[in-house]
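Values reported hereafter were calculated over all heavy atoms of this structure, with side chains retained and with hydrogens, waters and symmetry mates removed. By convention in this document, chain letters (A, B, ...) are assigned in the order of the sequence lines, proteins followed by strands, and residues within each chain are numbered from 1. Quick caveat, the model's predicted, so the values are computed rather than measured.
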Amino acid sequence: MPELPEVEVVRRGLERWTAGRTVDEVQVLHPRAVRRHLAGGADFAARLRGLRFGTAMRRGKYLWVPLDEVESSLLGHLGMSGQLLVQPQEAPDEKHLRIRIRFDDTLGTELRFVDQRTFGGLSLHENTPDGLPDVIAHIARDPLDPAFDDTAFHLALRMRRTTVKRALLDQSLISGVGNIYADEALWRSRLHYERPTAALTRPRTAELLGHVRDVMREALDQGGTSFDSLYVNVNGESGYFDRSLDAYGREDEPCRRCGTPMRRRPWMNRSSYFCPRCQRPPRIA
DNA sequence: ACCCCGACCTGCAGGC
DNA sequence: TGCCTGCAGGTCGGGG
């Protein structure tokens, strides 16, 4: 799915429904779902058994559950189509169920990783000294993290020889932003996606960051963005921020500021949506 | 050291 | 009906 708001919705669900529970049986039903666990599915299952879940954490689009009494965590990424669901044990298996985690209590629910396209997955990793799974040490803090450094971000943009949307999607510069919220924040900022980052003034960066934060917080308040049943919380419910989108998916619909038909352009094997009047391209595009 | 592109998957919609 | 193409909210590795 999912960008930061959708992943945060899932994190809150994990915190509520799985914190403090101890793993009993683990079933790995598709090897690709544990491909980041280099020792393989059997090792993944054997190591996880008997460990107790702590409080789920998130950085950008990555989620992890610290495991009690070992300096390691269960790391998850939803990829494009992953779901973490807390389901009654007796609920029928989903078509794309990849991993099942049962607990040793009597609550009657289990954790399921369901993923149509298998771009996501779960894995176990040692923590760095600051409690982060070691394999995501390169992921930047996200803009809702109180420790995100706005000044360092601006200076990094000035140094880069790239364009503003590429930079927003670069998870080592700023994490949690994906194709939807990049287009939304750029529309709010009246910035064309191909504007070079090196020309951004400090106030423009500040404005852009403000819009990134606003759109993510608004989406979170509405349970995230769901166009279909692929993007759901741990109870299988969709968010409804899709009704509030101003740019993404609005090709040929009127710009909500000036009425000009919105455009879609193929961009890096995906799409960029923008208003051709409010968001003028740079001279050298 | 950057920066960019293709590869990795499955399923759906639309055109012919 | 079926085949083909294009498209989908992400990340990473390797080439330039």
Residues A:Glu6 and A:Tyr181: side-chain donor-acceptor under 3.5 angstrom: yes
Would the number of heavy atoms belonging to other residues, nucleotides or ligands and lying under 6.0 Å from [atom1] of [X] be above 12?
X        : atom1 : answer
A:Arg102 : CZ    : yes
A:Glu237 : CD    : yes
A:Arg16  : CZ    : no

Residue-level proximity of residues 159-171 of chain A to DNA chain B when a heavy atom falls under 4.0 Å: A:Arg160, A:Arg161, A:Thr162, A:Arg166
Distance below 4.0 Å between [X] side-chain N/O and [N] OP1 or OP2:
X        : N      : value
A:His77  : C:dG10 : no
A:Tyr181 : C:dG10 : no
A:Ser271 : C:dA8  : yes
A:Arg270 : C:dA8  : no
A:Lys95  : B:dG11 : yes

Scan nucleotides 13-15 of chain B against the protein and return all N/O pairs shorter than 3.5 Å with their distances rounded to 0.1 Å.
none

Remember a base hit wins even if backbone is also touched, and classify [X] as base, sugar-phosphate or nothing at under 4.0 Å, heavy atoms.
X        : result
A:His138 : sugar-phosphate
A:Arg264 : sugar-phosphate
A:Tyr62  : sugar-phosphate

Range-with-range stems for DNA chain C, at least three Watson-Crick or G-U pairs under 3.5 Å: B:2-8 with C:10-16, B:10-16 with C:2-8
Residue A:Arg36, side-chain heavy atoms: nucleotide from B:dG11, C:dA8, C:dC12 that is nearest: C:dC12
Which residue lies more 5' along DNA chain B, comparing A:Arg32 with A:His96 via nearest heavy atoms: A:Arg32
Comparing A:Asn269 and A:Thr118 on DNA chain B - which has the more 5′ nearest nucleotide: A:Asn269
Whole-Å distance between [N] [atom2] and [X] [atom1]?
X        : N      : atom1 : atom2 : answer
A:Asp115 : C:dG10 : CG    : P     : 13 Å
A:Trp267 : C:dC7  : CH2   : P     : 15 Å
A:Gln83  : C:dG10 : CD    : C1'   : 16 Å
A:Leu97  : B:dT10 : CG    : C1'   : 16 Å
A:Glu194 : B:dC4  : CD    : P     : 10 Å
A:Glu251 : C:dG6  : CD    : P     : 16 Å
A:Arg59  : C:dG10 : CZ    : P     : 19 Å
A:Asp183 : C:dG10 : CG    : P     : 11 Å

Spacing of the [atom1] atoms in [M] and [N] (rounded, Å):
N      : M      : atom1 : answer
C:dT11 : B:dC12 : P     : 24 Å
B:dT10 : C:dG13 : C1'   : 22 Å
C:dT5  : B:dA7  : P     : 15 Å

Regarding [X] and [Y], does a basic nitrogen lie under 4.0 Å from an acidic carboxylate oxygen?
X        : Y        : value
A:Arg12  : A:Glu15  : no
A:Asp43  : A:Arg47  : yes
A:Asp183 : A:Arg270 : no
A:Arg100 : A:Glu110 : yes
A:Arg98  : A:Asp115 : no

Min side-chain heavy-atom separation A:Phe119-A:Arg32 under 4.5 Å: yes
Cation-pi check, A:Arg256 onto A:Trp187 ring (under 6.0 Å, within 45° of axis): no
Pairwise distance CG(A:Leu48) to OG(A:Ser123) - rounded to 0.5 angstrom: 11.0 Å
Result of checking A:Gln83, A:Glu94, A:His96 against A:Arg112 for side-chain hydrogen bond (donor to acceptor under 3.5 Å, both in side chains): A:Glu94
A:Arg117 (side chain) and C:dA8 (base): donor-acceptor pair under 3.5 Å: yes
A:Phe119 over B:dC9, stacked by centroid distance under 5.5 Å, angle under 30°: no
